[in-house]
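Values in this document were obtained by computation on a predicted structure and should not be read as measured data. Ligands are counted one by one from 1 in listed order, and the atoms in each one are counted from 1 as well.
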Amino acid sequence: MVKAPVISFATSKGGSGKSTALIILASVFAHEGGKVAVIDTDPNETVWRWSQKPGRPDNISAYKTRNEDELLDAIDAARASGHQLILVDVEGRASALGNVAISAAMLTVIPVRPSEPDGVEASKTIKAIRAIERSTGLEKRYCIVINGLNGAIRTRTFYDVKATFEQANIPMAAHLVDREIYRRVLMEGGTIYDMADLTEKQLKTAHDEAYLFADNVAALVGLRPEDAGHATPEAEAAVKTAVNRAAAATKDQTQNEADSVAGEATRVVEGASLSGEAA
Ligand SMILES: Nc1ncnc2c1ncn2[C@@H]1O[C@H](COP(=O)(O)OP(=O)(O)OP(=O)(O)O)[C@@H](O)[C@H]1O
Ligand SMILES: [Mg+2]
């Protein structure tokens, strides 16, 4: 029996979109029929508060944990009760509990807003993950998600941040745009599939974006959103192919965008020296 993968959402930069990205991923998997556990380790309880609002689907269970033992117990309990995917939210600063969450996770998702300080903190988080890998001898995957983009407009800072991570060969999931629907889900509860009073186009665009993000992230733990409920012993063996698929998808996305802004994607963020740190 394959153990349900744990994905943590962590970066020492506050407000980068960890809780939002977690809720988006939980939304997609639950919508596809998967049984998902969300575990909030953040004293601010953003995800826990969201989970207590009306509209959380029955196949999303929520836990809040305040220390290492509670976190590891919650992961065991979530696995024992048949959850196929376990998502752990981490507070927006470096912490011992955050490191335990990263250690317990197969994959850490690192949201980055297109800004220099976000890039620097993401780079520190990657260093922390690598230190955990060295001390435990276990492979830890991680990926960046550039979050909070301004609609169709791609700023120079966006290309700079993206190029920096690409040059360091850091996997990137599909970007997330700044959308009212994501803000509202966090405030009002429920999932991205419950917001009926938006236009069909707004909903479809957000749902498509969320699915692509979830698909890219899931690939890194050997799952697809639509078979969240059917992890098999072969799933882990499929990880390598899936990682390549995600890398290729990111490359395509990059190519398209790079074509439209010829040359811009090569400049690195001034002063951040991310590629050096992450190399
Ligand atoms: N893609 C997005 N579209 C719209 N609003 C967003 C998006 N991402 C984040 N936000 C908003 O930005 C704020 C911070 O987001 P969120 O709480 O997810 O960040 P965080 O990294 O979890 O923060 P913290 O470090 O405090 O835990 C929230 O008000 C959230 O609604
Ligand atoms: Mg948060």
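- Residue Arg183 approaches ligand 1 through these ligand atoms, each under 4.0 Å from one of its heavy atoms: 4 (C), 5 (N), 31 (O).
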Name every donor-acceptor pair, under 3.5 Å, that has one atom in a side chain of residues 95-110 and the other anywhere in the protein, sequence neighbours excluded.
from: Ser95; atom 1: OG; to: Gly98; atom 2: N; distance (Å): 2.9
from: Ser103; atom 1: OG; to: Asn99; atom 2: O; distance (Å): 2.8
from: Thr108; atom 1: OG1; to: Ser8; atom 2: OG; distance (Å): 2.8

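- Remark: of the listed residues Val221, Leu85, Ile75, Ile75 is the sole one forming a side-chain contact (heavy atoms from CB on, under 4.5 Å) with Val6.
- Linking Ile, Leu, Val, Met, Phe, Trp and Tyr whenever their side-chain heavy atoms come within less than 4.5 Å leaves Trp48 and Leu25 in two separate clusters.
- The backbone N or O of Ile153 sits nowhere less than 3.5 Å from a side-chain atom of Asn150 that would complete a donor-acceptor pair.
- Listed by number with element, the atoms of ligand 1 under 4.0 angstrom from any heavy atom of Gly17 are 16 (P), 18 (O), 19 (O), 20 (P), 21 (O).
- Two residues are said to be in side-chain contact when any heavy atoms from C-beta on lie closer than 4.5 Å; Leu176 and Ile146 fail this criterion.
- If you number the atoms of ligand 1 from 1 as listed, the ones under 4.0 Å from a heavy atom of Gly92 come out as 25 (O).
- Transitive grouping of hydrophobic side chains (ILVMFWY, heavy atoms separated by less than 4.5 Å) brings Val217 and Val185 into a common cluster.
- Of all the atoms in ligand 1, the ones that sit under 4.0 Å from a non-hydrogen atom of Leu186 are 28 (C), 30 (C), 31 (O).
- At least one heavy atom of Asp178 lies less than 4.0 angstrom from ligand 1.
- Here the side chains of Arg66 and Glu45 are in contact, with some heavy-atom distance below 4.5 Å.
- Protein atoms that are N, O or S and lie under 2.8 Å from the Mg ion (ligand 2) are these: Ser19 OG.
- Note: the hydrophobic cluster containing Leu186 does not contain Val90 (ILVMFWY, side chain heavy atoms under 4.5 Å, direct or indirect links).
- Counting non-hydrogen atoms of neighbouring residues, nucleotides and ligands closer than 6.0 angstrom, the CG atom of Asp76 exceeds 12 such neighbours.
- The Tyr182 neighbourhood of ligand 1 comprises atoms 1 (N), 2 (C), 3 (N), with distances under 4.0 Å to a heavy atom of that residue.
- Residue contacts with ligand 1 include Arg179, since one or more of its heavy atoms lies under 4.0 Å from the ligand.
- Which parts of ligand 1 touch Val177 is read off a 4.0 Å heavy-atom cut-off, strictly below it: atoms 1 (N), 2 (C), 3 (N).
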Using the ring pair (Phe, Tyr, Trp, His ring centres under 6.0 Å) rule, take Phe158 and His175 through it: C-alpha gap first, then chi angles, then the decisive distance, then the call. CA-CA 10 Å; Phe158 162 75; His175 325 304; 5.0 Å; yes
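- Annotation for Lys204: atom NZ does not count as buried by contact number, only 12 or fewer foreign heavy atoms lying within 6.0 Å.
- With Arg56 contributing its side chain and Ile60 its backbone, the two residues share a donor-acceptor pair below 3.5 Å.
- Near Gly14, meaning under 4.0 Å from one of its heavy atoms, ligand 1 places the atoms 25 (O).
- Counting heavy atoms under 4.0 Å from ligand 1, residue Thr20 touches it through both backbone and side chain.
- Heavy-atom distances between Arg113 and ligand 1 reach below 4.0 Å in at least one pair.
- Of all atoms in ligand 1, numbered sequentially from 1 with element shown, those under 4.0 Å from a heavy atom of Asp42 are 27 (O).
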